[in-house]
A.B. asks: 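Below you will find the structure I want to go over with you.
Sequence lines set the chain letters: A, B, ... in the order given, protein chains first and strands last, and positions in each chain run from 1. Hydrogens, waters and symmetry mates are skipped; everything else that's a heavy atom, side chains included, is used.
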Number of protein chains: 2
Amino acid sequence: MSSAWQDEVAAATQAGRRISDRFIVDKVRQAVLAQRLPPGTRLPEVTLGEVFGVSRSVVRKALTRLAADHVITQQPNQVARVRAPSVEETRETFAARRLVEGEVAALLAGQLDAETLATLEAHVDSEARAHAAGDEPSRIEHSLAIHHLLAERSPNRVLGAMLTDLVLRTSIVIALYKHSGVASCYLADDHPALLAHLARGEPEAARRCIHDHLHALERLLDLGPRETRIDLMAILGQGEAL
Amino acid sequence: MSSAWQDEVAAATQAGRRISDRFIVDKVRQAVLAQRLPPGTRLPEVTLGEVFGVSRSVVRKALTRLAADHVITQQPNQVARVRAPSVEETRETFAARRLVEGEVAALLAGQLDAETLATLEAHVDSEARAHAAGDEPSRIEHSLAIHHLLAERSPNRVLGAMLTDLVLRTSIVIALYKHSGVASCYLADDHPALLAHLARGEPEAARRCIHDHLHALERLLDLGPRETRIDLMAILGQGEAL
DNA sequence: GCCAGCATTTCTGTATACAAACTATTCGGT
DNA sequence: ACCGAATAGTTTGTATACAGAAATGCTGGC
């Protein structure tokens with residue numbers, strides 16, 4: 001489990017930054033997003049504590065926050081595990097994100113300052129370049145940055161925070177259910193089109209653009225026959241939980 | 001601060017139920033909703049621990065969860081305090097709830113089984129009776145039960161969970177900004193009308209009903225001139241935080 | 001060879017101790 | 001009388017110890 005964390009911890013401690021729960025939350029989140037911690041991975045408190053060089057108190061706080069962010073599951077007297085959202089929850093997460101991000105995009109149309117638009121443009125370009133170069137991690141990073149910036153700039157901060165959460169959860173399930181045949185969930189025209197609608201101030205077009213984009217993304221996933229296996233797992237495992 | 005909690009704690013411990021973080025979270029939430037803990041109230045860990053008869057470990061976990069639920073604020077090295085959402089956040093919370101609850105209602109139209117409809121009907125009736133009798137706490141309880149049941153029955157569980165959170169936050173700001181002149185935020189016709197649309201299976205009518213209901217509710221609040229005072233407080237207090 | 005029951009080991013739940021940070025008060029100077 | 005600094009008092013941050021629950025592995029019987 002330690003993987004590359006040890007180095008980061010060493011670097012951070014040398015830099016004088018104290019390791020806090022925030023640090024652990026970020027690192028685990030990133031690791032889950034990068035699929036370095038696959039769903040179902042056990043996350044014992046002592047082990048995490050040793051990895052990050054802190055005691056269980058700090059780890060516990062981090063785990064509680066990760067559970068609130070839907071990144072892990074925490075059942076009483078049981079080891080925390082990386083969450084594995086079901087196919088059904090995946091569909092529902094996409095639907096929720098369509099609703100929220102569509103509204104945010106509509107609110108944002110025509111309201112973005114030049115600097116933000118330029119930053120978005122830069123991310124779109126970088127994403128295209130990364131895709132062309134076959135650098136998938138970099139492409140994902142820029143794609144996430146686009147949607148994260150939309151959430152941050154949302155005039156309605158409550159919706160913005162909800163969108164941040166949904167973007168994270170969507171990314172996790174994309175990594176989880178990505179069709180093995182498809183190398184990358186990249187839709188070349190969607191982000192540029194969205195940006196154009198936002199810049200031109202067309203709320204409903206922007207909303208529709210988000211809807212189509214997310215529908216297309218969901219269609220790229222492999223949400224088919226695995227359902228039965230997961231159901232069996234749930235039933236034979238611990239059906240009464242939750 | 002102890003107020004009536006001591007009794008509840010005693011009753012719970014006698015009943016053999018162990019006091020856990022869940023218990024504390026529920027009690028604090030209810031107390032905030034009932035305005036027994038006004039916004040800004042300090043919640044020191046040791047004090048809460050003494051009230052509930054547990055140590056700081058349990059209290060800390062409860063506080064972390066309450067912070068995740070937007071009930072309290074937790075800044076480093078500072079006492080946890082009951083959150084006092086600003087006027088701006090109040091407006092944004094209402095807007096977010098309109099979006100989410102409107103969608104949930106639309107999804108739910110024509111999909112509710114007879115039993116759920118009957119339960120909803122019962123709550124609507126009880127709410128009207130409580131209002132007629134001037135029993136405001138009971139009225140609020142039934143009103144909350146209606147919206148909470150909608151959130152629970154949402155076909156999209158992700159949206160349902162988000163709605164549960166938004167209903168709680170809306171209730172808190174209603175209690176906070178209720179116009180002093182208005183005794184009760186009760187709109188006699190809204191809930192029955194919503195129920196009719198849900199029963200008859202009219203998605204868009206149900207959505208519009210929710211929108212109108214929440215707009216009317218927001219208009220009943222006193223969201224006027226206080227804004228300047230809050231801004232001054234924030235600026236003179238700790239402007240650079242968050 | 002297979003299964004039930006028990007022992008061991010692992011892990012979480014909770015309490016407590018000590019250190020660091022923040023708050024408030026008081027005292028001295030102007 | 002007012003302002004600033006030092007100090008006493010709270011309150012949180014973190015580590016650690018012990019108890020209880022759950023999972024794992026082992027042994028004995030069939």
A.B. asks: In whole angstrom, give the distance that lies between atom CZ of F23(B) and atom C1' of dT14(C).
C.D. replies: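 Going from F23(B) (CZ) to dT14(C) (C1'), I get 17 Å.
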A.B. asks: Between R42(B) and dT11(D), is there a side-chain N or O to OP1/OP2 distance below 4.0 Å?
C.D. replies: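 Affirmative; the distance criterion is met.
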A.B. asks: Who passes side-chain contact (heavy atoms from CB on, under 4.5 Å) against Q111(B), sequence neighbours left out?
C.D. replies: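 Scan of Q111(B) (side-chain contact (heavy atoms from CB on, under 4.5 Å), adjacent residues dropped) gives none.
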A.B. asks: Roughly how many Å is it from CZ in R81(B) to C1' in dT11(D), rounded to a whole number?
C.D. replies: 13 Å
A.B. asks: side-chain contact (heavy atoms from CB on, under 4.5 Å) with P38(A): which residues, sequence neighbours excluded?
C.D. replies: T41(A)
A.B. asks: Within this structure, what is the CD-to-P distance between E50(A) and dA15(D), rounded to whole angstrom?
C.D. replies: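 So the two atoms are 13 Å apart, to the nearest Å.
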A.B. asks: If you assign each of P76(A) and S55(A) to its closest nucleotide in DNA chain D, which residue comes earlier from the 5' end?
C.D. replies: S55(A)
A.B. asks: For DNA chain C, determine which residues of residues 57-66 of chain B have any heavy atom closer than 4.0 angstrom to one of its atoms, and list them numerically.
C.D. replies: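 Under 4.0 Å from DNA chain C: S57(B), V58(B).
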A.B. asks: Out of curiosity, L149(B) CG to L120(B) CG, how far, rounded to the nearest 0.5 Å?
C.D. replies: 4.5 Å
A.B. asks: Checking R65(A) now: which residues fulfil salt bridge (charged side-chain N to carboxylate O under 4.0 Å, His left out) with it, not counting sequence neighbours?
C.D. replies: D21(A)
A.B. asks: Can you check the L48(B) CG to dT10(D) P distance for me, whole Å?
C.D. replies: 17 Å
A.B. asks: Rounded to the nearest angstrom, tell me the gap between atom CD in Q75(A) and atom C1' in dC11(C).
C.D. replies: 15 Å
A.B. asks: Can you name the side-chain contact (heavy atoms from CB on, under 4.5 Å) partners of T164(A), sequence neighbours left out?
C.D. replies: H148(A), A151(A)
A.B. asks: By side-chain hydrogen bond (donor to acceptor under 3.5 Å, both in side chains), which residues pair with D135(A), not counting sequence neighbours?
C.D. replies: none
A.B. asks: Select one nucleotide: of dA17(C), dA15(C), dT11(D), the one nearest the side-chain heavy atoms of R56(B).
C.D. replies: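 Shortest atom-to-atom distance from the side chain points to dA17(C).
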A.B. asks: For a 4.5 angstrom cut-off between non-hydrogen side-chain atoms, does I174(A) reach F94(A)?
C.D. replies: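 In short, these two side chains touch, coming nearer than 4.5 Å.
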A.B. asks: Grab the CG-C1' distance between N77(A) and dT24(D) for me, whole Å please.
C.D. replies: 16 Å
A.B. asks: Looking at dA15(D), dT12(C), dT16(C), which one has an atom nearest to any side-chain atom of V79(A)?
C.D. replies: dT12(C)
A.B. asks: Does Q78(A) place a side-chain N or O at less than 4.0 Å from the phosphate oxygens OP1/OP2 of dA23(D)?
C.D. replies: yes
